[in-house]
Amino acid sequence: MQSLELFETPAQDPCQRLGPAAMVLRGFALPYVQQVLPAIEVIAATSPFRHMVTPGGFTMSVALTNCGALGWTSDRRGYRYTSVDPDAGVPWPVMPEAFARLASQAAKAAGFEHFEPDACLVNRYTPGARLSLHQDKNERDYDAPIVSVSLGMSATFLFGGHARTDPAVKVPLHHGDVAVWGGVDRLRYHGVMPLKDEPHALLGSQRINFTFRKAG
DNA sequence: TAGTAGCG
DNA sequence: CTAT
């Protein structure tokens, strides 16, 4: 297994570097949890979590919804961003201020100034759910970083290279951790190992992940 | 290949 | 890897 550098940020939070422009900010989201958790219910009330189908015709194990001007969707025709929830037939819920602030502050802490996401994909993992290695490449430009927030059950994040067959580093992600990657690392393959059922004190047997992007 | 199964 |  590949070794990873561990060091301290000025803010004293542990930070794990995954690449020249990729890192995990340990516990960065913890101060936001109280604000963010209730907002998930509000979002799901308008745009419920659903299991989307991939172009290959398989149903994703991860349930998802979105908030913000653009939302990531998948069906038999492919992956894309839409301004309207295809299930609900109405625009995706507005991105809560606390979400945007969290994303922007995390990006800044990772070295990316002025990150203004227009898309927040909200993923819900239950035991066994996984995301196989993929690249985020449906966004208009790759200048903006990806900001990924973990809440609830822990997961093993896979961070690979620029080719699918490149070896992937396994990174544990816990409640409150934020992973950020951009710049030369923006298009690196990544994924999540099948989730183990180790219930979280606050969220029970689930993991919620926010993925913030500048999609438009 | 943001999946999965089956074969070798 | 290949069909799906």
Side-chain angles (χ1 to χ4, degrees), chain A residues 18-19 21-22 24 40 43-44 47-88 92 95 99 103 117-173 177-182 185-196 206-216:
Chain A
L18 305 178
V24 176
I40 299 171
I43 292 164
S47 291
F49 287 95
R50 80 292 304 262
H51 294 271
M52 290 186 172
V53 174
T54 64
F58 295 93
T59 301
M60 294 176 68
S61 58
V62 175
L64 65 90
T65 183
N66 291 276
C67 65
L70 293 170
W72 185 89
T73 67
S74 175
D75 59 25
R76 294 305 298 260
R77 301 174 37 216
Y79 316 126
R80 61 193 169 278
Y81 285 92
T82 65
S83 53
V84 169
D85 177 344
D87 279 16
W92 297 104
M95 191 186 303
F99 282 40
D118 55 15
C120 175
L121 172 56
V122 184
N123 292 305
R124 187 180 63 196
Y125 294 72
T126 48
R130 53 173 289 194
L131 209 51
S132 61
L133 280 181
H134 68 277
Q135 292 173 300
D136 291 7
K137 55 179 186 184
N138 289 98
E139 297 73 31
R140 182 175 295 283
D141 73 71
Y142 304 139
D143 292 343
I146 305 292
V147 174
S148 176
V149 177
S150 293
L151 297 172
M153 287 205 294
S154 299
T156 302
F157 184 60
L158 299 169
F159 201 67
H162 286 85
R164 177 179 293 278
T165 51
D166 288 346
V169 169
K170 290 181 177 180
V171 187
L173 292 180
D177 290 348
V178 181
V180 181
W181 63 98
D185 293 318
R186 173 62 179 73
L187 287 174
R188 285 179 59 173
Y189 276 88
H190 56 280
V192 177
M193 297 270 286
L195 206 70
K196 290 175 293 186
Q206 64 175 340
R207 168 176 186 260
I208 299 289
N209 165 260
F210 302 133
T211 305
F212 294 96
R213 307 184 177 102
K214 180 97 181 69

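A, B, ... follow the sequence lines: proteins, then strands. Residue 1 opens every chain.
Across all strands shown, A:Gly57 has no heavy atoms under 4.0 Å from either base or sugar-phosphate atoms. Counting any heavy atom pair closer than 4.0 Å across all strands shown, A:Thr54 reaches sugar-phosphate atoms only and no base atom. If you check every strand for non-hydrogen atoms under 4.0 Å, A:Arg80 touches nothing.
For the pair A:Arg76 CZ and B:dT1 P, the interatomic distance rounds to 15 Å; values are reported in whole Å. For the pair A:Arg130 CZ and B:dA5 P, the interatomic distance rounds to 9 Å; values are reported in whole Å. Per the geometry, NE2 belonging to A:His134 stands 12 Å off P belonging to B:dT1, to the nearest Å. Between the CZ atom of A:Arg164 and the C1' atom of B:dT1 there is a distance of 5 Å, rounded to whole Å. Rounded to a whole Å, the CG atom of A:Leu131 is 12 Å from the C1' atom of B:dT1. Atom C1' of nucleotide B:dT1 and atom NE2 of A:His162 are separated by 18 Å, given to the nearest angstrom.
In this structure a side-chain-to-backbone donor-acceptor pair under 3.5 Å is present from A:Asp185 to A:Ala22. Listed for the A:Arg76 side chain is a donor-acceptor partner under 3.5 Å among the backbone atoms of A:Pro55.
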Symbol by symbol from the 5' end, with Watson-Crick or G-U pairs under 3.5 Å, [ ] crossing and | another strand, DNA chain C is |||.
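A side chain to side chain donor-acceptor pair (under 3.5 Å) check over residues 59-70 of chain A, counting only residues at least two apart or in different chains, returns nothing.
Ring-plane geometry between A:Phe157 and A:Trp181 is classed as tilted, the angle between the planes lying from 30 to 60 degrees on a 0 to 90 degree scale.
Figure legend: cation-pi geometry between A:Arg186 and A:Tyr142 absent, as NZ or CZ is not positioned both under 6.0 Å from the six-membered ring centre and within 45° of its axis.
More than 12 heavy atoms of other residues, nucleotides or ligands sit less than 6.0 Å from atom CZ of A:Arg80.
With both ends at atom C1', the span from B:dG6 to B:dT1 equals 16 Å, rounded to whole Å.
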